[in-house]
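The structure appears right after this line, and notes come after that.
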Amino acid sequence: MADTKTQKASDLFIECLEEEGVEYIFGVPGEENLDFLESLSGSNIKLVLTRHEQGAGFMAATYGRHTGKTGVFLATLGPGATNMVTAVAYSQLGGMPTLAITGQKPIKKSKQGRFQILDVVSMMEPITKFTQQLAAGDNIPSRVRECFRLAEEEKPGATHIEFPEDIAEEMSDSRPIKPSIARRPSAETKAVKQAIDAIEKADRPVLVIGAGANRKMTSKMLLELVEKTGIPFVTTQMGKGVIDERHPLFLGCAALSAGDFCHRAIEDADCIVNIGHDVIEKPPFFMHDDGVTVLHLSTKTAEVDPVYFPQIEVIGDIANAIWQIKEGITTQDRWDFAKMLEYRAAEVAHTAPLAADARFPIFPPHLVQQVRDALPEDSIICLDNGVYKIWFARNYTAYLPNTVLLDNALATMGAGLPSAMMSAMLYPERKVMAICGDGGFMMNSQEMETAVRLGLNLTVLILRDDAYGMIRWKQANMGFKDYGLTYGNPDFVQYAESYGAKGHRVESSEHLTQVLAHCRDTPGVHLIDCPVDYTENDQILNHDIKELSAKL
């Protein structure tokens, strides 16, 4: 291909995306995207048409979360762009690389007044790493390259380009810019030495594993560090599965804000090694000026917060920093983890009878156990947002990284189904389940049509309590009367079938076991309507756990 070739700017844009290795574009196109769409039709990039821009964005973000490559999604101007905003924020806060592309009316000569016109770039500015309007076709290669570079650099996040109609049809002889190779800087050796000294001097060090550690190499290095030193570990919700939670040194997942067994274990430590933590996630512990040393290991320096002001920071590639620490550290005889492990044993003992409670409607801890028992080792569960997220974060044993996709950053409802759809597309050989409350499911339930059209194999498990259960739980906890949070639901079985999916309604605990197995082993899109009993949420999560752990 001659380098002097002149082509339409929209063709050039698609060529730039091909150069970046883009496989899919998710979206809801509008008339301002038609040149782009025409150019895309001649490409090997697949268009995945969704039923709402949020669904497209959640799919793109999940693509980024699984692969580390930028997920791309498309919308029109105005209402298309405003519908995108939640998904853009989801990928930005959650650290998932994305590029959002929006159309716009002609910027040089428009005959439609201000019809549908919003300042989309200004709207995207506070929630992206980079946003820009294209004012010339010749700028496309550099702007697209910049978006991909910034989206994928630690901490990954969201980028946005506005592509006006008249720019899309301009002619340009610019060529795509090839991706650069950039290695992350390694942590400085003196900082590593300080960290090693602090850990060796401590009596009861503990590792806290956050979202930034959820990378393949970091996972490997952390396991080696734990095996060599015997230091136990806690995870945040988004650090679940970085190390197999069946490990004897696992102390639990910080799903509640405070007062859980794992929080007591962290409180027992005199040196906390915080790996890949970001203040965007609810803090797994609250720092006080009480002599406890906190080490911050991350790609970026710690954002200081009233509850987080670490004394030692090791900044650079996290996997490399862990490797350096592992190579340099000497295990100390006086380290004592007995108390921490006691808290974990108490949590396991407390959970066992709850998980065995086979009442109907289904009891959440029992449901978690049933789902874990039904699913193979490498299965992926994608949680929407609701009170069940706490039960799954606490009680669902994650075996592998990125097998429990939950969002503890923006914590938006409506993301569970699209993130499961993306997981099923990427890993057709693995079992995938979306776990949603009835409230969250109904926020993007129209994507059931997309899932059926794409021929995906996945199960959507709906925990039905006919209410916004998380908020109702908080309402009860604050001593307020039960008000304003209950609603009706469609017949979910008929609803699923109207889309061409298979619907199932759970009638007992034994029936749940059968239905989970049937859906796992039968191809296609399944929806399970599972009534849940949330009456004891407040008692167990806010009172029993805190009282039992405090007694220890």
Side-chain angles (χ1 to χ4, degrees), residues 20 22 24-27 50 52-75 80-102 118-133 143-162 184 210-215 236-239 276-283 298-303 305 308 318 382-385 402 405-416 418-419 422 443-444:
E20 298 288 347
V22 172
Y24 301 104
I25 294 177
F26 307 90
T50 60
H52 191 291
E53 292 82 357
Q54 253 188 40
F58 292 145
M59 289 183 81
T62 305
Y63 175 87
R65 185 175 189 169
H66 276 305
T67 64
K69 297 191 297 188
T70 304
V72 181
F73 61 121
L74 174 74
T82 57
N83 271 356
M84 264 182 158
V85 163
T86 301
V88 170
Y90 170 81
S91 66
Q92 176 75 348
L93 266 63
M96 309 172 206
T98 54
L99 166 58
I101 302 166
T102 54
L118 290 170
D119 184 348
V120 176
V121 171
S122 292
M123 182 172 78
M124 293 292 186
E125 200 147 20
I127 54 169
T128 55
K129 293 177 82 173
F130 177 89
T131 172
Q132 204 160 61
Q133 180 187 73
R143 298 300 180 268
V144 170
R145 180 78 280 274
E146 187 65 346
C147 282
F148 279 80
R149 182 182 77 78
L150 287 168
E152 291 170 20
E153 213 175 75
E154 293 283 355
K155 176 187 173 185
T159 60
H160 165 252
I161 283 183
E162 180 174 81
R184 281 191 292 278
N214 215 335
R215 309 283 187 272
T236 69
Q237 293 185 40
M238 290 176 82
H277 175 62
D278 190 315
V279 290
I280 277 167
E281 251 205 291
K282 269 201 302 200
S298 194
T299 49
K300 294 239 174 7
T301 50
E303 211 175 306
D305 184 85
Y308 193 58
I318 299 175
C382 302
L383 301 184
D384 208 279
N385 271 280
N402 270 338
L405 298 197
L406 54 74
D407 165 24
N408 194 33
L410 184 66
T412 176
M413 296 167 79
S419 68
M422 188 68 247
M443 288 193 181
N444 274 314

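For the pair N214/N402, a side-chain contact is recorded, criterion being any heavy-atom separation below 4.5 Å from C-beta on. The closest side-chain heavy-atom distance from L99 to F148 is below 4.5 Å. Under the 4.5 Å side-chain criterion, counting only non-hydrogen atoms from C-beta, R143 is in contact with I161. Inter-residue side-chain proximity for F73 and M84 is flagged as met; some heavy-atom pair is nearer than 4.5 Å. Residues V88 and M124 are in side-chain contact: their nearest non-hydrogen atoms beyond the backbone lie under 4.5 Å apart. Side-chain contact check for T70 versus E20: every heavy-atom pair is 4.5 Å or farther apart. In this structure, R184 and E154 have side chains that are in contact, with non-hydrogen atoms separated by less than 4.5 Å. Between E303 and Y308 the shortest side-chain heavy-atom distance does not fall below 4.5 Å.
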Going through the checks in order, is the side-chain contact (heavy atoms from CB on, under 4.5 Å) test met by H52 and N83? CA-CA 8 Å; H52 191 291; N83 271 356; 3.5 Å; yes

Which is it for D278 and L93 under the side-chain contact (heavy atoms from CB on, under 4.5 Å) test, yes or no, and what are the steps along the way? CA-CA 10 Å; D278 190 315; L93 266 63; over 6 Å; no

Before giving the answer on side-chain contact (heavy atoms from CB on, under 4.5 Å), spell out for T128 and T131 the whole-Å C-alpha distance, their side-chain angles and the decisive distance to 0.1 Å. CA-CA 7 Å; T128 55; T131 172; 3.7 Å; yes

Before giving the answer on side-chain contact (heavy atoms from CB on, under 4.5 Å), spell out for H160 and Q133 the whole-Å C-alpha distance, their side-chain angles and the decisive distance to 0.1 Å. CA-CA 9 Å; H160 165 252; Q133 180 187 73; over 6 Å; no

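For the residue pair G80 and A75, the shortest heavy atom distance occurs at O-CB, 3.6 Å. Taking each heavy atom of A158 and I127 in turn, the nearest pair found is CB-O, 4.0 Å. Taking all atoms of both residues into account, the shortest heavy-atom contact from T412 to D407 is N-OD2, 3.0 Å. Between P97 and A151, the closest heavy-atom pair is CB-O, 3.2 Å. Smallest separation of non-hydrogen atoms from Q132 and V121: C-CG2, 3.9 Å. Of all the heavy atoms in S419 and G416, the pair that sits closest is OG-O, 3.2 Å.
Applying the salt bridge (Lys or Arg N to Asp or Glu O under 4.0 Å) criterion to R149, with sequence neighbours excluded, gives E146, E153. The side chain to side chain contact (heavy atoms under 4.5 Å, CB included) test applied to T67 returns Y63, K69, L426, not counting sequence neighbours. Listed by chain and residue number, F58 satisfy the ring pair (Phe, Tyr, Trp, His ring centres under 6.0 Å) test with Y90 (two or more places apart in sequence, or in another chain).
For the pair N408 (side chain) and E281 (backbone), a donor-acceptor distance under 3.5 Å is absent. With Q237 contributing its side chain and L406 its backbone, the two residues share no donor-acceptor pair below 3.5 Å. Checked by atom type and distance alone, the side chain of S122 never pairs as donor or acceptor with a backbone atom of D119 at under 3.5 Å. Between the T159 side chain and the T98 main chain, a donor and an acceptor come within less than 3.5 Å of each other. Formation of a donor-acceptor pair under 3.5 Å by the K155 side chain with backbone atoms of K300 is not found in this model.
Atom CG of L74 is separated from atom CD of E53 by 9.0 Å, given to the nearest 0.5 angstrom.
Side-chain polar atoms of H277 and S298 form no donor-acceptor pair below 3.5 angstrom.
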